[in-house]
*Asks:* 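I am attaching a structure below and will ask some questions about it afterwards.
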There are 2 protein chains.
Amino acid sequence: MSQLRLITRTTNQRQVIYDYVQGASLSHPTAEHIFRAVRKKLPRISFGTVYRNLLALEQQGLIVSLFYAKEHARYDALVDNHYHFVCEKCDKVENISLEEMQEINKQISRRHGVQVHSHRLYFYGLCSDCSKIKKV
Amino acid sequence: MSQLRLITRTTNQRQVIYDYVQGASLSHPTAEHIFRAVRKKLPRISFGTVYRNLLALEQQGLIVSLFYAKEHARYDALVDNHYHFVCEKCDKVENISLEEMQEINKQISRRHGVQVHSHRLYFYGLCSDCSKIKKV
DNA sequence: GTAATTGCAAACGGTTTGCGATCTC
DNA sequence: GAGATCGCAAACCGTTTGCAATTAC
């Protein structure tokens, strides 16, 4: 997330990493899974290379990362059911009062044969203050 | 998340931390925000105490933590829109194909005067394998 | 008095980064 | 050849933890 450049060269490492993630997509591998698997073909590869390439692939839109905690943990004493909106510019977090979506848990449980107990839903965008500002 | 005990004593530290989080709930403070604020009343308090009490308060259901990444980052080469289900027992991640919920972004934008660009939605529960097992 | 809790400081662990060497184009 | 990328190792940083001292009950 800290690097912005999109310049890209097709290195062997990047290709092997992408091939593995694509083939193993259904298992949703972690960086360590990927590292271990790719090291079988490229024994000298390092974690740094894996992370840098995963970031590059994500920036190219070829893969997606899940549960990536760019945000720090935050705490809320309002424990009733509500959701949260995160401003991507100023990091403000706002409460979103939405009609509870318990039905959706049941719907997913039925369709996928799983037992859904809870869900987490976050919205991202620009808050009202930040969306006013056109130029800085 | 690693501690399970619920035994609780009302210490001054815990009370001050809870009071602050409750009063500052709308700002959704981070652990560091809380640490800095609480230190004004309790100059000798440590980060360890803050984190331990936030965990205790969460286990008592008095506060809620957001964006807490218990999961490692995971990668997915299926970049079309879909959601994910996480088994809380075996950590398996499954794809959830759900009709796109773009309308919900518009709805939130309208109600809250913000510009929602995206949302993240995760489901948690027991996968079909783990929900079969009654006893181990 | 006993056990939970604290303050301190060190450890943890996933991720990032600086650097000289290497590879892509 | 220029500069993106690699391998290596150290740094980063939010969070956790071991331990002796303190505190709540």
Side-chain angles (χ1 to χ4, degrees), chain A residues 1-21 28-60 62-75 91 93, chain B residues 1-21 28-60 62-75 91 93:
Chain A
M1 282 316 126
S2 48
Q3 299 173 22
L4 288 180
R5 45 199 164 117
L6 259 173
I7 306 99
T8 276
R9 284 181 181 173
T10 308
T11 62
N12 192 28
Q13 287 88 339
R14 185 164 302 169
Q15 187 68 53
V16 172
I17 289 170
Y18 178 62
D19 289 349
Y20 175 74
V21 175
H28 301 86
T30 65
E32 186 171 0
H33 292 147
I34 297 164
F35 171 71
R36 288 194 193 159
V38 167
R39 198 170 42 169
K40 291 176 186 166
K41 288 194 177 174
L42 305 170
R44 301 182 58 76
I45 202 169
S46 69
F47 259 109
T49 299
V50 170
Y51 278 111
R52 275 185 287 231
N53 277 302
L54 289 172
L55 181 60
L57 290 168
E58 186 170 15
Q59 287 176 164
Q60 292 175 68
L62 292 172
I63 67 172
V64 155
S65 67
L66 311 174
F67 315 118
Y68 187 98
K70 14 183 177 186
E71 306 94 0
H72 294 173
R74 294 197 176 227
Y75 298 89
D91 287 331
V93 176
Chain B
M1 282 315 122
S2 49
Q3 300 173 21
L4 286 179
R5 47 199 162 115
L6 260 173
I7 306 99
T8 276
R9 285 180 180 173
T10 308
T11 62
N12 193 29
Q13 287 88 338
R14 185 164 302 168
Q15 187 68 53
V16 172
I17 289 170
Y18 178 63
D19 289 348
Y20 176 74
V21 175
H28 300 85
T30 64
E32 186 170 359
H33 292 148
I34 297 163
F35 171 70
R36 288 194 192 158
V38 167
R39 197 169 43 169
K40 292 177 186 165
K41 286 193 179 176
L42 305 170
R44 299 182 60 75
I45 202 169
S46 68
F47 259 110
T49 299
V50 169
Y51 278 111
R52 276 185 288 232
N53 277 303
L54 289 172
L55 180 60
L57 290 168
E58 185 170 17
Q59 288 177 164
Q60 293 175 67
L62 292 172
I63 66 173
V64 156
S65 67
L66 312 174
F67 315 117
Y68 187 98
K70 12 183 182 187
E71 307 94 0
H72 295 172
R74 294 197 177 227
Y75 298 89
D91 288 329
V93 177

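This structure is a prediction, so every number in the text was calculated from the model and none was measured. Convention: sequence-line order gives letters A, B, ...; per-chain numbering from 1.
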*Asks:* Please work out if Thr30(B) contacts a base, only the sugar-phosphate, or nothing of the nucleic acid, heavy-atom cut-off 4.0 Å.
*Replies:* nothing
*Asks:* Starting at CZ of Arg36(B) and ending at C1' of dG14(D), how long is that distance when rounded to a whole Å?
*Replies:* 13 Å
*Asks:* Could you walk me through whether Ile17(A) and Arg14(A) satisfy the side-chain contact (heavy atoms from CB on, under 4.5 Å) test, starting with their C-alpha distance in whole Å, then the side-chain angles of each, then the deciding distance to 0.1 Å, before giving a yes or no?
*Replies:* CA-CA 5 Å; Ile17(A) 289 170; Arg14(A) 185 164 302 169; 5.8 Å; no
*Asks:* Can you tell me the distance, in whole Å, between the CD1 atom of Ile45(B) and the P atom of dT5(C)?
*Replies:* 14 Å
*Asks:* Roughly how many Å is it from CG in Asn12(A) to P in dT5(D), rounded to a whole number?
*Replies:*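 From Asn12(A) CG to dT5(D) P: 14 Å.
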*Asks:* Give a yes/no answer on whether the side chain of Asn53(B) brings an N or O atom under 4.0 Å of OP1 or OP2 in dT6(C).
*Replies:*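 It does, given that an N or O in the side chain of Asn53(B) lies less than 4.0 Å from OP1 or OP2 of dT6(C).
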*Asks:* Closest to the Thr49(A) side chain: dC25(C), dC6(D), dT5(C)?
*Replies:* dC6(D)
*Asks:* Please determine, for the side chain of Tyr51(B), which listed nucleotide (dT5(D), dT16(D), dG7(D)) has the closest atom?
*Replies:* dT16(D)
*Asks:* Output the rounded distance in Å from CG (Leu57(A)) to P (dT5(D)).
*Replies:* 11 Å
*Asks:* Rounded to whole angstroms, how far apart are CZ on Arg14(B) and C1' on dG7(C)?
*Replies:*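 It is 15 Å, rounded to the nearest whole Å.
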*Asks:* Quick check for you: to the nearest 0.5 Å, what is the distance between Tyr18(B) atom OH and Ile34(B) atom CD1?
*Replies:* 12.5 Å
*Asks:* For the pair made of CG in Leu42(A) and P in dC23(C), what is the distance, rounded to whole Å?
*Replies:* 13 Å
*Asks:* Pick the closest DNA chain D nucleotide for Ala31(B) and for Thr10(A) by heavy atoms, then say which residue is nearer the 5' end.
*Replies:* Thr10(A)
*Asks:* Determine: side-chain N/O of Gln13(A) to OP1/OP2 of dC23(C), distance under 4.0 Å, yes or no.
*Replies:* no
*Asks:* Testing the basics here: between His28(A) and Leu66(A), what is the closest heavy-atom pair and its distance to 0.1 Å?
*Replies:*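 Scanning both residues, the minimum pair turns out to be CD2-CD1, 3.7 Å.
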*Asks:* Is the closest side-chain heavy-atom distance between Gln59(B) and Leu55(B) below 4.5 Å?
*Replies:*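 SC-SC contact between Gln59(B) and Leu55(B) confirmed.
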*Asks:* Is there any protein nitrogen or oxygen under 3.5 Å from a nitrogen or oxygen in nucleotides 18-23 of chain D, and what are the pairs?
*Replies:*
residue	atom	partner	partner atom	Å
dG18(D)	O6	Arg52(B)	NH1	3.3

*Asks:* Which atoms form the tightest heavy-atom contact between Ile63(A) and Tyr75(B), and what is the distance?
*Replies:*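 For Ile63(A) versus Tyr75(B), the nearest heavy atoms are CD1-CD2, 3.8 Å.
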*Asks:* Compare every heavy atom of Ser46(B) with every heavy atom of Phe35(B), then report the nearest pair and how far apart it is.
*Replies:* CE1-C, 3.8 Å
*Asks:* In whole angstrom, give the distance that lies between atom CZ of Phe35(A) and atom P of dC8(D).
*Replies:* 9 Å
*Asks:* Atom CG of Leu55(B) and atom P of dA4(C): how far apart are they, to the nearest Å?
*Replies:* 15 Å
*Asks:* Determine: side-chain N/O of Arg44(B) to OP1/OP2 of dT6(C), distance under 4.0 Å, yes or no.
*Replies:*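 Result: no.
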*Asks:* Within the structure provided, determine whether Glu58(B) and Leu54(B) are in side-chain contact (heavy-atom separation under 4.5 Å).
*Replies:* no
